[in-house]
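The figures that follow rest on heavy atoms only: side chains count, while hydrogens, waters and symmetry mates do not.
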Amino acid sequence: MHDIRVIRDDPEAFDAAMGRLGVGPVAADVLAVDERRRTAIAAAEAAQAERNAASKQVGAAKATGDEAEFERLRGLVATKKDEIARLEDEARAADAALRDMLLRLPNAPLGDVPDGADENDNVEIRRWGEPPSFGFKPKEHYELAAAQGLDFETAAKLSGARFVVLQGAVARVHRALAQFMLDVHTTENGLTETNTPVLVRDEAMLGTGQLPKFAEDSYQTTNGWWLIPTSEVTLTNTVREEILDEAALPIRMCAHSLCFRSEAGSAGKDTAGMLRQHQFEKVEMVSITHPEKSLDEHARMTRLAEHILERLGLAYRTVVLCTGDMGFGARKTHDIEVWLPGQDKYREISSVSVCGDFQARRMNARFRPEGGGKPEFVHTLNGSGLAVGRCLIAVLENGQQEDGSVVLPSVLVPYVGGTTRITANGELT
RNA sequence: GGAGAGGUGGCAGAGUGGUCGAAUGCGGCGGUCUUGAAAACCGUUGAGGGUGAAAGCCCUCCGGGGGUUCGAAUCCCCCUCUCUCCGCCA
């Protein structure tokens, strides 16, 4: 959520920022509502001040026994009461209207974010590793003999399209990947392992920006809970309505969780395989930082995600998302794309965003500056570290052999009982 | 699912109709003392908003909304959240 004062101070700059996202111009509309709100507040407060003054005189009149004056002032207070109620209603309505407008506006991109329409305009900033060369045409993950434990038919029987059942070796490797990621993050990267609910209330979804605008992207239970589309929601909202000590920053967390997305509007995209599912697992990283530290933290977090791929020996490239490809709450986003031989292209496996104080304002998450002073909004960041299902895909495709077996990354060996590959029969050996 | 209790300032916790934005403690900040620190002592310390160049002035806030009253943190109603006990259950 944007600071209305920023829009007030420089509406042209704000419209320019929104314009880069293809939104607006909106400043004029926002400021009109803001003006209405401030006028209503001023009127209501003036009436309240009058009422307060009259109220005091009521007591005085009664004390001096001036019955006539007492009755007159009582009448005046009673009249003001109705006027105040009416003006307060107006002020409340205008305030709600302004808040609703602000809650639906996306975050402003940082100056160094490239302009662009879609993913084709993202800018590559790094590349690591060599895509493996095969003496045969590499297959996609769901075509591999070793991955016969990926069972889409059974999943369809249970749940429908865009679900998968993992059985045997692939299930074990999937679990191994999540464990490996968590171990690296907690023992080497200093993130605090956190396990959160996957069902949350409206406020949490509002805090990170899924609501009010993107309700159709998530699932909701009959009694009103939302299934989180990412544990960014729960990890970030842990500081909702908090005033933290500055010394407590940065707060760095990670969580392995289920994620649920209805993926409305993306029907027909990536329908084959387990690349895009309604339910998937992800290890998520979230940092709560001092405003001056968030950009450094963004670089750090990006490196942590990249490092996981390096340890797994998977080639990747890192891109800066252009304005047209960025998410609602981000000021800048790095996507890390892993090489998928079966598709012969890099595909997103992590997205690392710095949100500035955008989410903090929604959550009212603040910190008390060292040495006292007014609370300030914290900055929030989130990043996948990594998407577990997609990582499984990458491991399968990159490790595939001509006979349909798969050689596993050596770092996973301790996590899969000392085995090193999945045979063409779908067994760990 | 049943029954009950409760939501007060950064935290803990008083306050049941009249200067209560709110006792007290902790924490924070400033100071005295000390070679320095600790302890002790003194002072100070809520948040949001409107207006203003600023100083300042003003308004609101004791979970949210409504009501009673000249007057509500205190009484009544609705909502919401939390906790406790019982039941059920992984």
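- Rounded to a whole angstrom, the distance from the P atom of B:rA12 to that of B:rG27 is 15 Å.
- Nucleotide B:rG56 forms a Watson-Crick or G-U wobble pair with B:rU51, both donor-acceptor distances falling under 3.5 Å.
- Summarising the base pairing, B:rU82 is matched to B:rA5 through a Watson-Crick or G-U wobble pair whose two defining distances lie under 3.5 Å.
- For B:rG46, the OP1/OP2 oxygens have no side-chain nitrogen or oxygen of A:Lys374 closer than 4.0 Å.
- Exactly one residue among A:Arg276, A:Arg162, A:Arg390 makes a salt bridge (Lys or Arg N to Asp or Glu O under 4.0 Å) with A:Asp270. That residue is A:Arg276.
- B:rG15 and B:rU24 have their P atoms separated by 15 Å, with the value rounded to a whole Å.
- Between A:Asp34 and A:Arg38 there is a salt bridge, with a side-chain nitrogen of the basic residue lying less than 4.0 Å from a carboxylate oxygen of the acidic one.
- Per the geometry, CZ belonging to A:Arg366 stands 8 Å off P belonging to B:rG10, to the nearest Å.
- Taking atom CD of residue A:Glu88 and atom P of nucleotide B:rU60, one finds them 8 Å apart after rounding to whole Å.
- Taking the ring-ring contact (aromatic ring centres under 6.0 Å, His included) definition, one finds that A:His334 meets it with A:His298, sequence neighbours left out.
- Among B:rG50, B:rG66, B:rA47, the nucleotide with an atom closest to any side-chain atom of A:Arg92 is B:rG66.
- For B:rA72, there is no paired nucleotide, since no Watson-Crick or G-U wobble pair has both relevant distances below 3.5 Å.
- Side-chain N/O atoms of A:Arg38 include one lying less than 4.0 angstrom from OP1 or OP2 on B:rU51.
- Distances from the side chain of A:Arg8 to the nucleotides B:rG10, B:rG50, B:rC59 place B:rG50 closest.
- In this structure a side-chain-to-backbone donor-acceptor pair under 3.5 Å is present from A:Thr230 to A:Glu232.
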Show your working on ring-ring contact (aromatic ring centres under 6.0 Å, His included) between A:Phe358 and A:His379 and close with a plain yes or no.
-> CA-CA 8 Å; A:Phe358 186 82; A:His379 279 197; over 10 Å; no
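- Across the P atoms, B:rG17 and B:rG13 are found 23 Å apart, a figure rounded to whole Å.
- Nucleic acid contact for A:Arg361: none, since no nucleic acid atom lies under 4.0 Å from a heavy atom of the residue.
- Under a 4.0 Å N-O distance rule, the pair A:Arg86/A:Glu90 qualifies as a salt bridge.
- Rounded to whole Å, the C1' atom of B:rG30 lies 22 Å from the corresponding atom of B:rU35.
- Each of B:rC81, B:rA47, B:rC58 was ranked by its minimum atom distance to the side chain of A:Arg201; first place goes to B:rC81.
- Separation of the C1' atoms belonging to B:rA47 and B:rG43 is 23 Å when rounded to the nearest angstrom.
- Distances shown here put every side-chain N or O of A:Arg368 at or beyond 4.0 Å from the OP1 or OP2 atom of B:rG9.
- With hydrogens and angles ignored, no donor-acceptor pair closer than 3.5 Å exists between the side chain of A:Glu242 and the base of B:rG10.
- Along RNA chain B, the nucleotide nearest to A:Ala44 and the one nearest to A:Glu203 differ in position, and the one closer to the 5' end is contacted by A:Ala44.
- B:rC11 and B:rG63: their P atoms are spaced 14 Å apart (whole Å).
- Under 4.0 angstrom from either OP1 or OP2 of B:rG49 there lies at least one side-chain N or O belonging to A:Arg5.
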